Amino acid sequence: MVEIDENRLVTYLLNNRAFFAPVVERAVALLDPGRRGNLVDIGTGAGGGLVALARAAGPGARVLGVDREPMVLEMALRHAEEEGVRARVSTRAADLLEVLDEAADAGGTFDAIWAGDVIWPGNVSDPAATVARMAEALRPGGVIGLFNTNYYQSMFLPGHSRLERLLRTASELNWGLPDEGPDHYERYPHWALAAGLEEVRVHVLPRVGFPVGDDPTVRPYLEGVVWPELLAAAEARGTDAGMSGKDLARARELLAPGSPTRILDEPGYHVIQPTLLVTARRPGSAGGSEG
């Protein structure tokens with residue numbers, strides 16, 4: 001499993017938040033947060049989902065951001081302050097399962113639960129059981145949004161599909177992620193249905209970066225998040241993924257800083273991430289839970 005130092009984590013969180021902000025706002029809107037008074041963002045990170053929820057929620061709504069890292073929650077609160085929604089949000093340093101267990105044991109207290117890039121084996125040992133606990137943490141009629149940026153289905157190297165598949169495999173190996181099976185994040189709908197949730201819907205919300213020069217978030221995201229991760233994975237686990245020496249050299253040519261053949265500098269370069277959102281509702285009436 002990869003270890004990330006604090007500086008690299010901050011770079012990742014900020015660049016990731018900026019790049020996906022437009023998609024997260026569209027995704028959050030599908031939860032109809034304006035009708036919901038008590039919302040939670042579990043695994044809030046730098047606060048992209050937290051701010052989107054607070055911006056879209058009604059004036060009387062409260063949004064709780066939960067994360068295990070106090071430093072990360074400070075980033076989320078600064079973001080909320082900068083975006084003018086600080087009065088609607090609060091944070092809590094805790095494990096997401098602790099918060100869900102408390103709400104579930106109380107019979108369900110949340111009107112909406114947002115989980116962005118958090119329900120997968122890297123964070124929870126049993127994703128299906130975690131989604132079941134999320135369902136129990138909802139009030140009747142409450143909704144969940146399971147969001148994933150769908151990194152391993154993205155187009156980062158247009159025109160180099162075979163090499164990109166090898167790099168993805170190296171990345172999965174480097175992170176210790178399952179490439180298939182019951183714990184793979186693509187099984188969000190399966191987990192929601194198994195938890196007894198209703199109105200399960202699958203949404204694909206593409207994040208397209210093109211032209212690179214017209215979108216100030218694309219280059220920092222690729223240079224600060226994607227390229228370093230893929231190159232590190234290739235160096236560490238490329239051979240295990242089936243990469244030859246020639247493949248590794250080609251990856252360096254396309255991705256490494258200062259390379260004269262860097263793919264990001266090609267005219268026509270574009271990135272496409274087909275982000276995944278699964279929404280679902282707990283059976284029953286929402287009662288008086290609207291904000």
Side-chain angles (χ1 to χ4, degrees), residues 1-4 9 12-13 16 20 23-24 27-28 30-31 39-46 48-50 53 64-69 72 92 94-105 108-110 112-138 142-154 168-169 171-205 229 233 273-283:
M1 187 69 71
V2 180
E3 293 185 5
I4 301 180
L9 176 62
Y12 165 82
L13 289 171
N16 199 67
F20 287 108
V23 171
V24 169
V28 160
L30 293 172
L31 297 182
L39 307 93
V40 63
D41 176 14
I42 56 172
T44 194
L50 184 71
L53 287 166
L64 173 65
V66 176
D67 203 286
R68 288 177 293 191
E69 298 295 335
V72 168
R92 176 178 170 185
D95 184 88
L96 65 92
L97 293 174
E98 176 185 348
V99 174
L100 293 177
D101 284 345
E102 289 176 2
D105 291 344
T109 61
F110 296 117
I113 300 175
W114 171 263
D117 273 338
V118 68
I119 308 301
W120 57 290
N123 288 324
V124 294
S125 59
D126 189 337
T130 301
V131 173
R133 206 56 171 159
M134 291 172 67
E136 295 173 348
L138 289 169
V143 295
I144 65 170
L146 300 169
F147 179 78
N148 197 287
T149 50
N150 214 1
Y151 187 83
Y152 293 104
Q153 296 296 333
S154 302
R168 288 174 181 158
T169 299
S171 175
E172 288 173 334
L173 292 171
N174 207 32
W175 286 102
L177 300 177
D179 55 4
E180 61 178 33
D183 290 338
H184 198 285
Y185 72 82
E186 293 174 0
R187 296 183 68 86
Y188 280 174
H190 303 68
W191 303 335
L193 288 167
L197 294 169
E198 299 179 340
E199 299 176 23
V200 178
R201 301 287 184 270
V202 176
H203 314 267
V204 177
L205 306 172
E229 192 278 324
Q273 282 199 238
T275 71
L276 173 68
L277 172 71
V278 171
T279 57
R281 185 180 69 87
R282 181 175 178 177

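The structure presented is a predicted model; accordingly, all values stated were derived computationally and were not measured.
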What distance separates [X] [atom1] from [Y] [atom2], expressed to the nearest 0.5 Å?
| X | Y | atom1 | atom2 | result |
| --- | --- | --- | --- | --- |
| Leu276 | Gln153 | CG | CD | 9.5 Å |
| Leu100 | Thr109 | CG | OG1 | 9.0 Å |
| His184 | His190 | NE2 | NE2 | 12.0 Å |
| Trp114 | Leu31 | CH2 | CG | 6.5 Å |
| Phe147 | Thr279 | CZ | OG1 | 12.5 Å |
| Arg168 | Asp179 | CZ | CG | 13.0 Å |

Donor + acceptor pair across side chains of Asn150, Tyr185 (<3.5 Å):
yes
Please report the shortest heavy-atom distance between [X] and [Y], naming the atom on each side.
| X | Y | value |
| --- | --- | --- |
| Ser125 | Asp183 | O-OD2, 4.4 Å |
| Val200 | Ala192 | CG2-CB, 4.1 Å |
| Ala94 | Val66 | O-CG1, 3.5 Å |
| Thr44 | Asp67 | N-OD2, 3.6 Å |
| Val118 | Gly43 | CG2-CA, 4.0 Å |
| Ala195 | Ala132 | CB-CA, 3.6 Å |

Counting distance only, does the side-chain N/O of Trp120 pair as donor-acceptor with the main-chain N or O of Glu186 below 3.5 Å?
no
Counting distance only, does the side-chain N/O of Arg282 pair as donor-acceptor with the main-chain N or O of Leu138 below 3.5 Å?
yes
[X] vs [Y] side-chain heavy atoms within contact, under 4.5 Å:
| X | Y | value |
| --- | --- | --- |
| Ile119 | Val131 | yes |
| Tyr152 | Leu177 | yes |
| Glu229 | Tyr151 | yes |
| Val124 | Leu96 | yes |

Taking Val23 as the fixed residue, which of Leu277, Thr149, Leu205 is the one that meets the side chain to side chain contact (heavy atoms under 4.5 Å, CB included) rule?
Leu205
In this structure, which one of Ile144, Thr130, Ile113 forms a side chain to side chain contact (heavy atoms under 4.5 Å, CB included) with Ile42?
Ile113
Return yes when atom CZ of Arg68 has more than 12 non-hydrogen atoms of other residues, nucleotides or ligands closer than 6.0 Å, and no otherwise.
no
Which pairs count as salt bridge (Lys or Arg N to Asp or Glu O under 4.0 Å) when at least one residue sits in residues 194-204, sequence neighbours excluded?
Glu198-Arg281, Glu199-Arg281
